[in-house]
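Sequence lines set the chain letters: A, B, ... in the order given, protein chains first and strands last, and positions in each chain run from 1.
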Amino acid sequence: MRFELDISPLDLDLTLGCGQTFRWSCLADGSWAGVLGNQFVKIKRKGSTIEGDATPGGSDVESLVANFLRAKDDISRIQLELGKDPIIALGMRKMRGLRIVKLDEWECLISYILATYANIPRIMKMVDSVASEYGRKIAPGVHAFPERRLLAKASVGELAKLGLGYRAKYVHLACREIDEPALAEMMKTPYERLRTELIELPGVGEKVADCVSLFGFGRLESFPIDVWIQRALLRLYGVKGSYPKLRHFAIQKFGCFAGYAQEYLFHNERTMASKGACAFSNQ
DNA sequence: GCCCAGGAGTGTG
DNA sequence: CACACTCATGGG
């Protein structure tokens, strides 16, 4: 099932390779492959559009991809808004094609529970192991992320054997403390209350709750703070301190699109170390 | 071998 | 509210 989409601006390498999502991989020909719902999807840039194909294929594949890539985000408006801050304004235009993605709420919740105190390559491996072991097979060598009912069958010991470490019990408990109706209800919940409810789940603190709010529930005002963001805030703005303090600073500074600012800062800080160049600084 | 990682939970000052 | 400590483990 082939399709073509017009989403602009969009840089697939930036968007899918910057560590928001853990189940997309870049193939030898430069295309990207991942799973959306029960579809194995491949997408690639072709001129000004994005072309792709999906197996087993369905009539809704285009909308699945468009929703995943947040095609309706008005990047110009977002950057105009964020550009009120001169420091962000200086570097964000170089990252115009970096979009926030919209992940499945359940997959996002479990993925970011797994993401605590691990680096991105390892997180990808853990998520992939969980999918391979418990997810439904949808193509040769490709498994969907397991729905709650399937993942709930896994014991803590079995999950630990996949290399999840202390995260195994959190995943196991999360399968029991939340269900699909609750997730659907949370989609309608205002951000601050959603955040509070997420933090009540096992293995979910402020950082994970903010990531799940942003990538899973699409709340662009959310501003997750990890060690990279801490470094960026200290280096570029001279602020440091507790999570609540830094979060207050960011929300006040970046407003309703703080999530995009966070992603620009995150990507810059993470790549700067190897490239030695900061998009937000003239030095 | 060493350092670190998209932290959370728990206990203490 | 702010710290300090522990938790398991693999990637660079």
To the nearest Å, how far apart are [X] [atom1] and [N] [atom2]?
X      : N     : atom1 : atom2 : value
A:M126 : B:dG7 : CE    : C1'   : 12 Å
A:L246 : B:dG6 : CG    : P     : 18 Å
A:K207 : B:dG9 : NZ    : C1'   : 16 Å
A:L159 : C:dC7 : CG    : P     : 20 Å
A:L114 : B:dG6 : CG    : P     : 14 Å
A:K169 : C:dT6 : NZ    : P     : 15 Å
A:F266 : B:dA5 : CZ    : C1'   : 10 Å
A:L109 : B:dA8 : CG    : P     : 12 Å

Query - Between A:S76 and A:R96: side-chain donor-acceptor atoms closer than 3.5 Å - result: yes
Please confirm whether the backbone N or O of [Y] pairs with a side-chain atom of [X], one donor and one acceptor, at under 3.5 Å?
X     : Y      : result
A:T15 : A:G97  : yes
A:R45 : A:G47  : yes
A:Q20 : A:V101 : yes

Requested in this report: Give a yes or no on whether A:R93 atom CZ has more than 12 heavy-atom contacts from other residues, nucleotides or ligands under 6.0 Å away.
Outcome: no
Query raised in the report: Does CZ belonging to A:R176 count more than 12 external heavy atoms closer than 6.0 Å?
Result: yes
Report summary line: Closest to the side chain of A:Q262, out of B:dA5, B:dA8, B:dG6, is B:dG6
Query raised in the report: If you group Ile, Leu, Val, Met, Phe, Trp and Tyr by side-chain heavy-atom gaps below 4.5 Å, do A:F249 and A:L234 land in one group?
Result: no
Report task. Treat each ILVMFWY residue as a node, draw an edge where side-chain heavy atoms are under 4.5 Å apart, and state whether A:F215 and A:I251 are in one component. Result -> no
Select base, sugar-phosphate, or nothing to describe what [X] touches, counting heavy atoms under 4.0 Å on all strands.
X      : value
A:Q230 : nothing
A:I120 : sugar-phosphate
A:Q20  : base
A:I199 : nothing

Query raised in the report: Is there side-chain contact between A:L14 and A:C18, with heavy atoms separated by less than 4.5 Å?
Result: no
**Report entry** Centroid separation A:F266 to A:F223 less than 6.0 Å
**Finding:** no
Requested in this report: Over 60° means perpendicular and under 30° means parallel, so classify the ring planes of A:Y166 and A:Y170, tilted if in between.
Outcome: perpendicular
Between N or O atoms, less than 3.5 Å apart, protein on one side and nucleotides 9-12 of chain C on the other: list the pairs.
{"from": "C:dT9", "atom 1": "O4'", "to": "A:R122", "atom 2": "NH2", "distance (Å)": "3.4"}
{"from": "C:dT9", "atom 1": "O2", "to": "A:R122", "atom 2": "NH1", "distance (Å)": "2.5"}
{"from": "C:dG10", "atom 1": "O4'", "to": "A:R122", "atom 2": "NE", "distance (Å)": "3.4"}
{"from": "C:dG11", "atom 1": "OP1", "to": "A:K125", "atom 2": "NZ", "distance (Å)": "2.8"}

Query raised in the report: Can A:W228 be called stacked on B:dG6 when the rule is centres closer than 5.5 Å and an angle between planes below 30°?
Result: no
Query raised in the report: What distance, rounded to whole Å, do you find between the two P atoms, one in C:dC5 and one in B:dG6?
Result: 24 Å
**Report entry** Residue whose closest nucleotide on DNA chain B lies nearer the 5' end, A:Y112 versus A:Y170
**Finding:** A:Y112
Query - N-O pairing of A:E185 and A:R193 below 4.0 Å - result: no
Measure all distances between protein nitrogen or oxygen atoms and nitrogen or oxygen atoms of nucleotides 1-3 of chain C, and list the pairs falling under 3.5 Å.
{"from": "C:dA2", "atom 1": "OP1", "to": "A:S242", "atom 2": "OG", "distance (Å)": "3.2"}
{"from": "C:dA2", "atom 1": "OP2", "to": "A:S242", "atom 2": "OG", "distance (Å)": "2.8"}

Can you check nucleotides 10-13 of chain B for protein contacts, nitrogen or oxygen pairs under 3.5 Å, and list what you find?
none

